[in-house]
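Since we're looking at a predicted model, the values are computed, not measured.
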Amino acid sequence: MYKTGTMLSSCFLVFLSVSPVIGYVCEKTAQICETSLDIEHYLTMSSHDSLAVYPKEGKLYKYDVTNTSNADPVPKENIITGDGWEMRRLLVVANQSLPGPDIIVYEGQTVIIHVKNHLHSDTVTIHWHGLHQSGTPFMDGVPFVSQCPIESGQTFTYKFKAYPPGTFWYHSHVGSQRVDGLLGAFVVRKNEPDPLPEHILQIQDWNHDWDGNMGYQLMVYGIIENKTKYIPSQSLDGSFYSLFKAQSGLINGRGRFYFDLERGIHNEAPLEVFNVKQNTSYRFRVINVGALFPFRVSVDNHMLSVIESDGYPVRPTLAESFVINPGERFDFVINANQSVGNYWIRGKTLEVTPRNTIAEAILRYEGAPDVEPTTARKVCTEQDKCVVINCPFTYFPKNEFTECIRFDHLRSSASNDPAPTVVDGKFKEYFLNFAFPGVTSFPSSVNGIALEFPTVSGVSQPQQVTNACKNFHCDEQKQCKCTNALSLDHGDTVQMVFLNMGVGRGWAHPVHMHGHSFYVLKMGYAEYNETTGKFLAQNPDIDCRGGVPLEKSFCNTATWANQTWLNGNVPDLELQNPPRKDTLIVPSGGYAVIRIRADNPGLWIMHCHIELHAADGMAMLLNESFDNLPKTPKHFPTCGDFKIEEEEDAYVDSEADIEETISMQRFYVIVGVMAAVIFLQLLVIIGMHFSSKRSSSSKADITGKTNPSFNNY
């Protein structure tokens, strides 16, 4: 389904454990794992051989086949189907595959990946989502933060250590290319004997009409269909999602379009199949690679034991289902202890009816016929309630007999990983509101500031950042757009209170931090009606300030309502066994308290992982320990603006000037040759001197404290 890249002999292509998709796996004993990703455009529902295909009874047929009973189907492994919509959509993919090839390595190995940009008219970068990039902040894959974008025709080689172990993924960080298909699983396995057989399940919302750029513009300016304004869908708690029209859901790049969801009428597109053996346990690594919607994931007739999230283990928790937001990962173990047969794997958004986005796949026992399941989802009753992990709200409607386990109620299963402690003089606390504050316009922002990216590679060219927020007047009840950076001193314990409050509160935001897996100490939810599950009021623990009522406050300079909670004195913090995450839901009208230790020098972006929000500016930078920043690799690319400087002799603007230039040409050649001979050794020495100076910048050049570009807080 995709082109393979170059690899070392220590690595090879295999069938991934039990998954039907061919992927890249590095040998467990190898020290270096090397492969490549070719980035290019590709079309859904077509191939070079078949031109175009259409779905019928779970199979694909060439566009000109009129009698499928007498025709051979086209192998689906060679086709990116999406939801089977016959009108082809343009994608941006890695190695001609959606999702891109799984990359599986082992903890501690050195990973080398050559990314080649074959796009005709766009740049690209690849972010390795969840990997800390300790010692290699310039390999984080964020354009104009950790590197310059990779231009058309160029190759950029990423090299980093595989750490921490767990379920991660890679995706483009340029514009909306992730929504267009540039993504794939990246798994770092532990060096352990006899691991469980595993499957990788990547789930996403899908629009078969629009690419990511079109989707963003329609979010900003509105969707009009048949002269009617499209209304955003609504969540169970009454909150509205952003304006994104998802027509279907995909699992590992496959789904189907429902013409009538209630009657089950769809286009018969093929689905992903996960094969299992009876009485065997399997590990499922689930990744939400989508644009907007959270999915509630379940498997008919099977309970799920959630054992890990975002690469960090939690005490096994049994549930009927769990909610997974864009950017999050959850690992669960399933015991194939049912009768031999086929069972539905379901992903359902939290939208209220009649608008639901669903994703489906098939769990197929060995020996079961090649037919679709006839199973039904568990019926939740008062005597046998359904348990859902990672709810973005406190209650489901009472008549649904469903109980929520919030993420902060989970506990880490690690015995020696407590939260960083409060140390006098080395503790900082920041309140960061991820919201849409405004009066007449409501841009995505953090503390009212929409991120404007630098025009240079911030991590390697910090002195050239010119649009920092210190040059703007940002205030309690104002909107700003600038390069918003929070400077962190090395070794500090940093407590952040993520908010989703004030006049700009929106649907729950999955906030992703690069460079760290933070400790989740506490989450404060809004007040809800216990019967209907509907939102009632914002959490009273926070004082949004601003000199206006909470409902009008931008919440740009929030603090604790109870001032005794400052300096790390928040009650009910889980400090001994807090779970760790790199992507965490911030509930609507509520907050989350997280901690890190500032021990990973770099320039890291932190943003909402809803694609539309991040593109609109809901992001900021962490300028961490820049005096300890590792040196960038030799010949690391630079970039920036170019402006013509008007000089008196900059242009040849008359025929006389041209003639004079030509007549003097021979003289200049002779002088140049003589000068080259005389000063050759001097030039070499000078060149070596400046090269050495550039490769070892002084602390004054790269330190956040002395570099005024990043002194925003």
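In this view, Phe393 and Phe396 satisfy the ring-ring contact (aromatic ring centres under 6.0 Å, His included) rule, not counting sequence neighbours. For Tyr61, the ring-ring contact (aromatic ring centres under 6.0 Å, His included) test picks out no residue, with sequence neighbours left out. Take Tyr158 and apply the ring-ring contact (aromatic ring centres under 6.0 Å, His included) test, not counting sequence neighbours, and it matches Trp128, Phe156. A search for salt bridge (charged side-chain N to carboxylate O under 4.0 Å, His left out) contacts involving Arg178 returns Glu611, not counting sequence neighbours. With sequence neighbours excluded, the residues satisfying ring-ring contact (aromatic ring centres under 6.0 Å, His included) with Trp507 are Tyr241.
Side chain of Asn342 to backbone of Pro369: a donor-acceptor contact under 3.5 angstrom is found.
Between Glu403 and Lys398, none of the side-chain N atoms (NZ, or NE/NH1/NH2) sits under 4.0 Å from a carboxylate O, so this pair counts as no salt bridge. For the pair Asp300 and Lys378, the salt-bridge criterion is not met [side-chain N within less than 4.0 Å of a carboxylate O]. Here Glu328 pairs with Lys581 in a salt bridge; the nearest charged N to carboxylate O distance falls below 4.0 Å.
Between Tyr395 and Cys404, the closest side-chain pair of non-hydrogen atoms is not below 4.5 Å. Residues Ile324 and Pro294 are not in side-chain contact: their nearest non-hydrogen atoms beyond the backbone lie 4.5 Å or more apart. Residues Trp344 and Arg377 have side chains not in contact (no heavy-atom distance under 4.5 Å, counting atoms from C-beta outward). Side-chain contact between Gln202 and Leu183 is present, with at least one heavy-atom pair separated by less than 4.5 Å. Counting heavy atoms from C-beta outward, Thr349 and Ile358 have side chains that stay 4.5 Å or more apart. Within the 4.5 Å cutoff, the side chain of Phe295 has no heavy atoms near those of the Lys348 side chain. Inter-residue side-chain proximity for Glu107 and Tyr163 is flagged as met; some heavy-atom pair is nearer than 4.5 Å. Using a 4.5 Å cut-off on side-chain heavy atoms (C-beta onward), Ile39 and Leu119 make contact.
For an aromatic pair to be called close, the ring centres must be under 6.0 Å apart, and His266 with Phe259 fails this. Separation of the Phe186 and Tyr170 ring centroids does not fall under the 6.0 Å cut-off. The aromatic ring centroids of Trp169 and His171 lie less than 6.0 Å from each other.
The only option from His512, His127, His129, His609 that meets the ring pair (Phe, Tyr, Trp, His ring centres under 6.0 Å) definition with His173 turns out to be His127. Of the listed residues (Arg283, Arg329, Arg580, Arg315), just one forms a salt bridge (charged side-chain N to carboxylate O under 4.0 Å, His left out) with Glu308, and that residue is Arg283.
Residue pairs that meet the salt bridge (charged side-chain N to carboxylate O under 4.0 Å, His left out) test with at least one member in residues 84-93, sequence neighbours left out, are Arg89-Asp180.
Of the N and O atoms on the side chains of His132 and Ser517, at least one donor lies less than 3.5 Å from an acceptor on the other residue. Between the side chains of Thr402 and Glu400, not a single donor N or O lies within less than 3.5 Å of an accepting N or O. With hydrogens and angles left out, the side-chain atoms of Asn275 and Arg364 include no donor and acceptor closer than 3.5 Å. In this model, a donor atom of one side chain and an acceptor atom of the other lie less than 3.5 Å apart for Ser235 and Asp237. In this structure, a donor-acceptor pair under 3.5 Å is present between the side chains of Thr167 and Asp331. Residues Arg346 and Ser298 bring no donor and acceptor atom of their side chains to less than 3.5 Å of each other. Using modelled atom types, one finds a donor on one side chain and an acceptor on the other under 3.5 Å when comparing Asp209 with Gln247. For the residue pair Gln31/Thr110, the side-chain donor-acceptor check at 3.5 Å is not satisfied.
A tilted orientation is assigned to the rings of Phe284 and His199, their planes being inclined by 30° to 60°. By the 30° and 60° cut-offs, the orientation of the rings of Tyr365 relative to His302 is tilted. The aromatic rings of Phe244 and Phe293 lie tilted to each other, with the angle between the two planes from 30° to 60°.
Considering every non-hydrogen atom in both Gln177 and Ser172, the closest pair reads OE1-OG, 2.6 Å.
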request  = Please step through side chain to side chain contact (heavy atoms under 4.5 Å, CB included) for the pair Ile334 and Phe274, ending with a clear verdict.
outcome  = CA-CA 12 Å; Ile334 189 172; Phe274 297 92; over 6 Å; no
request  = Would you check, one step at a time, whether the test salt bridge (charged side-chain N to carboxylate O under 4.0 Å, His left out) holds for Arg189 with Glu198?
outcome  = CA-CA 11 Å; Arg189 288 177 173 168; Glu198 63 185 44; 3.3 Å; yes
Full working for side chain to side chain donor-acceptor pair (under 3.5 Å) between Gln234 and Ser239 = CA-CA 6 Å; Gln234 197 171 9; Ser239 301; over 6 Å; no
task = Could you walk me through whether Asn267 and Tyr54 pass the side chain to side chain donor-acceptor pair (under 3.5 Å) test, one step at a time?
result = CA-CA 9 Å; Asn267 62 357; Tyr54 68 92; over 6 Å; no
query = Between Lys385 and Glu320, is a salt bridge (charged side-chain N to carboxylate O under 4.0 Å, His left out) present by the stated rule, with each step listed?
reply = CA-CA 9 Å; Lys385 293 182 178 180; Glu320 178 267 343; over 6 Å; no
request  = Could you please spell out the steps behind the side chain to side chain contact (heavy atoms under 4.5 Å, CB included) verdict for Ser281 and Leu196?
outcome  = CA-CA 7 Å; Ser281 293; Leu196 290 176; 4.2 Å; yes
